[in-house]
Structures are given as C-alpha cells and as structure tokens.
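Input: a single structure, listed below in structure tokens.
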Amino acid sequence: MHWTILIKSHPDASGNPVLQGLRMAAAALADGILVSLFLSEEAASLALQLENPGDRQRVHHDLIAEIQELGAEIYVIGLDWMHAVGSLTLIPGVKVASMKTLVRQMRLSDQAVAL
C-alpha cells in the first residue's frame, strides 16, 4: 500500500494540520504503509533548514527526521520564492519536485490525503 500526503497549510494554522499530517505520515510508515510526503504552499517553509528553530519548528523538524528514518520520500513544491530571498538550505534528503511529480505520485497511490 502507498499513500501520498500533501501538506499545504501554514505551520502555525489553527488546529495544527501540519502536525497532524506529519503524525499521520509517521503512523502510516510505522504500520508498513509506504508514504510520499509533499510540502507545498505555506508548508513549503518546513523544508528549510533553520539555524535557530522555535519550539514548534523543532517539533516539525524532528517529525520530518523521523519520517525520513522510517523510509518516506519527502518533496517540496513551489520554492520559487527562494530565489527572491537568496540561497536557502533544504533539510538533507528533501527533494525539490514539481506539480507533475505530485500528480504522478497521487495517481500511483492507493490513498491521497491533503491537509
């Protein structure tokens, strides 16, 4: 079984959908489900490696590291804004992808979830 999880909500959004999406990905992986995780729109910033992350960012990054250790592929879409702010560093192992990659993964998946 394979799931594609798309997280597009702001990391500080009400109800914390980012945390719920990351936790869902980790739980699915722990249960033997293959997961492709995509970060886009307002969640794309989660893919950035930060020198001094806040508490919430640290929790998100710890979950991303756990998800990677469990074998998920993590992609980020829509980092065009990075060129405007200069060179930023992605978390090691996170891949830059396009909408074409997302659509292809969703088509191959048994389940697609967007948060």
Side-chain angles (χ1 to χ4, degrees):
M1 177 165 278
H2 183 264
W3 287 8
T4 296
I5 299 175
L6 169 63
I7 300 176
K8 57 184 181 169
S9 299
H10 190 282
D12 294 326
S14 175
N16 215 345
V18 169
L19 180 62
Q20 299 309 320
L22 294 173
R23 291 177 64 214
M24 181 188 328
L29 288 158
D31 203 32
I33 298 170
L34 297 174
V35 173
S36 296
L37 179 66
F38 286 80
L39 305 170
S40 73
E41 296 180 23
E42 296 184 68
S45 64
L46 292 170
L48 299 176
Q49 188 167 346
L50 304 172
E51 289 186 31
N52 297 310
D55 289 340
R56 184 174 275 196
Q57 293 163 328
R58 195 172 303 111
V59 168
H60 291 156
H61 283 189
D62 288 348
L63 274 168
I64 288 170
E66 179 182 342
I67 290 165
Q68 286 176 315
E69 287 175 19
L70 290 168
E73 296 211 353
I74 301 177
Y75 301 91
V76 63
I77 298 173
L79 288 180
D80 299 334
W81 54 268
M82 282 181 63
H83 299 295
V85 296
S87 177
L88 299 173
T89 305
L90 294 178
I91 294 172
V94 174
K95 302 172 186 171
V96 176
S98 66
M99 279 295 179
K100 185 176 182 178
T101 306
L102 172 60
V103 169
R104 188 177 305 124
Q105 282 299 126
M106 290 177 100
R107 193 176 72 210
L108 297 172
S109 293
D110 299 297
Q111 179 77 28
V113 180
L115 302 159

Looking at [atom1] of [X] and [atom2] of [Y], how far apart are the two atoms once the value is rounded to the nearest 0.5 Å?
X	Y	atom1	atom2	result
L102	K100	CG	NZ	13.0 Å
D110	T4	CG	OG1	9.0 Å
L46	L37	CG	CG	9.0 Å
I5	M106	CD1	CE	11.0 Å

Hydrophobic cluster membership, [X] vs [Y], 4.5 Å side-chain cutoff:
X	Y	value
L39	L115	yes
V96	V103	no
L34	L63	no
Y75	M99	yes
L70	V18	yes

Could you walk me through whether M1 and Q111 pass the side-chain contact (heavy atoms from CB on, under 4.5 Å) test, one step at a time?
CA-CA 8 Å; M1 177 165 278; Q111 179 77 28; 5.9 Å; no
Heavy-atom closest pair (I77 atom, S98 atom, distance to 0.1 Å) is CD1-O, 3.9 Å
Considering all heavy atoms of both residues, which atom of P17 and which atom of S14 are nearest to each other, and what is their separation?
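What the structure gives for the nearest pair is CD-O, 3.6 Å.
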Would you mind reporting whether [Y] and [X] have side-chain heavy atoms less than 4.5 Å apart?
X	Y	answer
S109	S36	no
V94	L48	no
M24	W3	yes
Q49	H61	no

List the steps and the verdict of side-chain contact (heavy atoms from CB on, under 4.5 Å) for L108 and H2.
CA-CA 8 Å; L108 297 172; H2 183 264; 5.6 Å; no
List in chain and number order the residues that pass side chain to side chain donor-acceptor pair (under 3.5 Å) with Q68, two or more places apart in sequence or in another chain; answer none if no residue qualifies.
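Side chain to side chain donor-acceptor pair (under 3.5 Å) list for Q68, sorted by chain: empty.
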Applying side chain to side chain donor-acceptor pair (under 3.5 Å), can you list everything that pairs with D55, at least two apart in sequence or on another chain?
R58
Would R56 and N16 count as a side-chain contact (heavy atoms from CB on, under 4.5 Å) here? Give the steps.
CA-CA 10 Å; R56 184 174 275 196; N16 215 345; 3.8 Å; yes
Qualifying side-chain hydrogen bond (donor to acceptor under 3.5 Å, both in side chains) pairs with a residue from residues 18-29, counting only residues at least two apart or across chains:
Q20-R23
With side-chain contact (heavy atoms from CB on, under 4.5 Å) as the test, would you mind laying out the steps for I67 and V35 before giving the verdict?
CA-CA 9 Å; I67 290 165; V35 173; 5.6 Å; no
